[in-house]
Amino acid sequence: MSRYNAKAVEAKWQKIWEERQAFRAETDPGKPKYYVLEMFPYPSGRIHMGHVRNYTLGDVVARYKRARGFNVLHPMGWDAFGLPAENAAQEKKVHPAAWTYDNIATMRGELQRMGLSLDWSREFATCHPGYYKYQQKLFLDLLKKGLAYRKESFVNWDPVDNTVLANEQVIDGRGWRSGAPVERRKLSQWFFRITAYADDLLAGLEELSRWPERVRLMQQNWIGKSEGARFSFALKDRQDRLEVYSTRPDTLYGASFVAIAADHPLAAEIAKGDAKLAAFIEECRKTGTAEAELEKAEKKGYRIPVEAIHPFDANWTLPVYVANFVLMEYGTGAIFGCPAHDQRDLDFARKYGLPVKAVVAPKGQTALEIGDEAFLETENTQAINSGFLDGMDVAGAKRAAIRKLEELGAGQGTVTFRLRDWGVSRQRYWGCPIPVIHCDACGIVPVPEKDLPVLLPDDVTFDKPGNPLDHHPTWKHVDCPQCGKAARRETDTCDTFVDSSWYFARFCSPRADLPMEKADVDYWLPVDQYIGGIEHAILHLLYSRFFTRAMRDTGHLSLKSGEPFAGLFTQGMVCHETYRAADGSWLQPAEVRRDGDRVVHARTGEPVTVGRTEKMSKSKKNVIDPGLIIDTYGADTARWFMLSDSPPERDMEWTEAGIEGAWRFTQRLWRLVSEPKGPIAAKSAPMPGEWPAAALDLRRALHKTIAALTQDLEQFHYNKAVARIHEFANLLEATKGDDAATAWARREALQTLAILIGPMVPHLAEEIWQALDGDGLLLEQPWPVADAELARDDTVTIAVQVSGKLRATIEVARDMDKTALEQLALANDNVQRAMEGKPVRKVIVVPNRIVNVVV
RNA sequence: GCCCGCUUGGCGGAAUUGGUAGACGCACAGGACUUAAAAUCCUGAGGCCGCAAGGCCGUGCCGGUUCGAGUCCGGCAGCGGGCACCA
């Protein structure tokens with residue numbers, strides 16, 4: 001038989017799978033379902049190696065689960081709205097839609113050549129009205145339910161381009177195009193009330209046992225639940241009170257000042273008559289955006305003529321400052337400072353000469369001197385200098401302080417979250433229009449559902465900075481649906497994270513004339529296995545968890561838990577060496593060549609500096625184009641390399657040698673069938689009666705391989721699965737008998753091997769299956785079941801130690817009893833020598849494993 | 001600063017969860033085939049000593065538990081990630 005021609009073979013099987021609609025999924029409540037989903041790609045131009053890894057991993061799961069008899073849903077689509085399309089429009093003068101759809105066509109072709117078991121009939125792009133129409137419907141439902149609302153909020157404002165900037169467009173506090181320092185500007189914006197689910201989102205993490213621990217932790221920290229007290233200070237010579245939040249109400253007797261945020265209403269009020277304060281507030285706002293500077297930024301305060309009365313002592317007043325480190329967005333925008341037990345408060349107190357009084361001390365100690373470091377211990381401590389709290393531990397003192405505040409009517413115990421509501425407004429063209437109309441008479445009026453979708457206009461220009469929807473001559477001018485008078489359309493579009501927060505639900509019924517068919521989502525959701533990069537560990541996953549709950553509460557689906565992804569796997573990145581020419585410029589891998597131990601420029605021969613291995617990125621030029629790899633080696637080879645060596649959750653390094661090795665191995669697998677080391681029994685050959693050792697060994701190894709490989713696939717240990725296939729192939733090659741039994745075992749081994757490699761290298765597997773004259777498509781074959789009886793060894797190797805050091809190994813019958821093992825071990829020459837004639841103190845025997853003679 | 005994770009040959013990594021450390025692969029070396037090369041096949045290999053049998057050392061470092069530690073416990077170091085003026 002000829003050399004394996006991956007290109008022709010892969011095209012052949014892809015065509016057959018497509019003709020048979022092999023991966024088409026149908027809702028069928030009678031069958032167990034399995035929903036496999038990889039994070040859908042942004043259509044940026046061409047696929048990259050990260051996609052290849054992601055979709056290979058997902059395809060292994062999908063094909064494996066299919067073989068295990070599940071009704072598998074494995075869809076693909078496009079996260080197609082976003083800023084790059086607008087940048088392309090500006091730079092290349094192409095329409096964002098044209099640019100996006102072109103990219104989709106290119107990338108779809110590339111993905112199809114990977115031979116993924118995708119149900120392409122469900123494909124959609126989020127920029128298509130057939131998708132965003134239903135997103136607008138969801139928005140209206142959230143609005144009705146009070147989960148979408150409008151409020152004033154700060155945005156990054158570029159004062160030169162006169163435009164709002166996304167966070168990623170702010171570089172070192174400056175606009176990425178203009179280079180001008182970014183200002184904070186207040187704008188009325190749309191928000192989703194994710195904080196309404198803060199507790200539930202936190203509690204829900206508990207049940208996500210198939211999520212990586214660290215992702216759950218990151219989400220937990222992001223939600224940031226803290227328990228404390230919210231209470232107010234009476235103000236001397238004023239009628240109003242000042243509310244603060246604290247997690248340490250037990251330290252109230254150590255208070256020495258009160259500080260409020262620059263954006264606090266009280267600060268604004270005082271600033272009206274105080275130009276210096278107004279200037280200070282202005283200064284605070286400027287540093288607000290340059291977050292990198294915050295760590296070093298000096299803690300500054302401005303004393304205002306207000307005094308706060310201590311809640312536990314009417315004769316005790318505290319000075320009030322406007323401080324640059326107090327955040328308006330967290331808690332109440334005001335704090336009380338307890339310098340002895342908070343480092344930042346201590347620094348502030350030292351700077352402004354405020355009292356520092358310890359109110360917590362190690363247990364048994366009634367005084368504590370505070371130097372430059374605050375005392376932060378909360379375990380084995382007791383309250384001191386604290387009136388009725390004295391002697392209590394931190395937890396007890398907190399409870400007592402809160403009880404007292406409640407009695408006084410000053411406040412109560414509360415829970416505060418770090419999590420903020422999700423700002424979804426973007427002043428951009430290429431996004432889903434927010435379906436709302438602003439009417440001077442009626443206020444905010446939802447677009448009637450019959451008028452959905454609110455279509456993006458095609459005729460837009462990008463020559464002016466700002467939002468093209470806002471510039472459009474006619475688009476925003478509409479009549480109010482309620483009163484009929486002239487009104488304005490909302491020109492904000494949705495954050496693209498909204499698009500990706502519910503796409504997994506839309507895949508269940510992608511053409512439905514409502515966001516989702518309940519019968520379909522209720523059958524398919526939750527996604528059984530979700531796969532993607534760790535970079536989405538917080539935002540995308542949290543937003544999706546919010547959306548699923550919101551969709552449940554607006555009646556779109558029934559999922560009780562509200563959890564969209566039952567299993568999550570986060571893959572590592574694909575990395576590559578970096579190269580630099582003598583002048584420091586980056587070089588592509590294709591521009592360099594190895595010359596012995598040296599690396600030189602392929603054309604000029606000049607020496608090249610090899611840099612560290614980093615994530616493939618355009619800026620460092622260390623990218624390999626998957627299309628080129630598939631052309632050269634075929635999809636199976638690319639897939640095999642992706643699965644070899646590195647565990648999927650870890651970063652992997654792409655190397656020329658690695659892909660070559662994978663290519664050689666796929667060739668070798670093919671040779672197992674095309675140039676076998678002995679006869680392969682006919683398909684219908686009867687099972688022989690006589691079994692020579694070699695044939696038995698092969699069968700035993702086969703069943704061991706089935707068992708181990710199945711485990712590996714279940715646990716995402718694909719690198720180990722690959723190693724086991726290598727081992728089994730090695731044995732197959734070494735098995736050379738030409739008797740009937742060996743020929744029979746060889747057929748069994750090869751046929752089973754084809755099924756086992758099916759999820760990883762599906763085209764080659766089909767080709768082998770066909771070469772063996774297998775029935776039907778390999779795809780239709782059930783996953784093999786390991787026969788434990790056949791897999792069992794007759795003999796085992798026992799390690800023999802003398803006082804914990806390995807001295808010999810002995811080959812014995814399996815399950816030999818302890819006494820016999822002990823005798824055999826003691827009879828061993830090496831063991832005797834190592835014992836040096838010393839008496840045996842103890843012998844530890846673990847059957848089938850180890851004997852340890854202690855002397 | 002706080003919270004996580006990782007550290008095993010020249011390299012990627014494996015080790016049935018406390019029981020033969022280094023499976024499998026890559027790279028390397030020697031050999032076979034070939035006029036030659038490629039491809040393929042065979043052999044070797046953690047380090048040190050030794051012709052060999054074998055011995056000593058060895059999983060970032062220090063210490064502990066145990067008959068036995070890559071694995072468990074305590075401390076330290078290095079690398080990576082997340083959050084970060086959150087009261």
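Chain identifiers are assigned alphabetically (A, B, ...) following the order of the sequence lines, protein sequences preceding nucleic acid strands; residue numbering begins at 1 within each chain.
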Which whole number of Å gives the distance between the [atom1] atom of [N] and that of [M]?
N	M	atom1	answer
B/U17	B/G10	C1'	29 Å
B/G58	B/G25	P	29 Å
B/G1	B/C56	P	46 Å
B/A39	B/A29	P	13 Å

inquiry  = Which is it for B/U17, anti or syn, if anything within 90° of zero counts as syn?
reply    =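 Syn, which is what one calls it when the glycosidic angle falls within 90° of 0.
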
key: For B/G9, glycosidic torsion class - syn if within 90° of 0, otherwise anti   =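 Glycosidic conformation of B/G9: syn.
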
Proximity to the side chain of [X] - top-ranked nucleotide from [options]:
X	options	answer
A/T809	B/U20, B/C56, B/A87	B/U20
A/R344	B/C85, B/A84, B/G82	B/C85
A/L806	B/G82, B/A21, B/C4	B/A21

ask   = Can you name the nearest heavy-atom pair linking A/Y330 to A/F417, along with the distance?
value =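 Reported closest heavy-atom pair: CE1-O, 3.6 Å.
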
task = Could you tell me if the ring centre of A/Y352 sits under 6.0 Å from that of A/F257?
result =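 Between A/F257 and A/Y352, which both carry aromatic rings, the centre distance is not below 6.0 Å.
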
Rounded distance (nearest 0.5 Å) linking atom OG of A/S644 with atom CE of A/M760 =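 One finds 9.0 Å between OG of A/S644 and CE of A/M760.
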
request  = Report the distance from atom CG of A/N730 to atom C1' of B/U43, rounded to the nearest whole Å.
outcome  =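 After rounding, the reported distance stands at 14 Å.
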
key: A/R650 CZ to B/C79 P, straight-line distance once rounded to whole Å   =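 To the nearest whole Å, that distance equals 19 Å.
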
inquiry  = Check this for me: does the side-chain of A/K299 come within 3.5 Å of the base of B/C85 through a donor and an acceptor?
reply    =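 Indeed there is one.
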
key: Base-pairing assignment for B/C61 (Watson-Crick or G-U wobble, both under 3.5 Å)   =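 Result: B/G75.
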
ask   = In terms of ring plane angle, is the pair A/W640 and A/H726 parallel, tilted or perpendicular, where the classes change at 30° and 60°?
value =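 Geometry flag for A/H726 against A/W640: tilted rings.
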
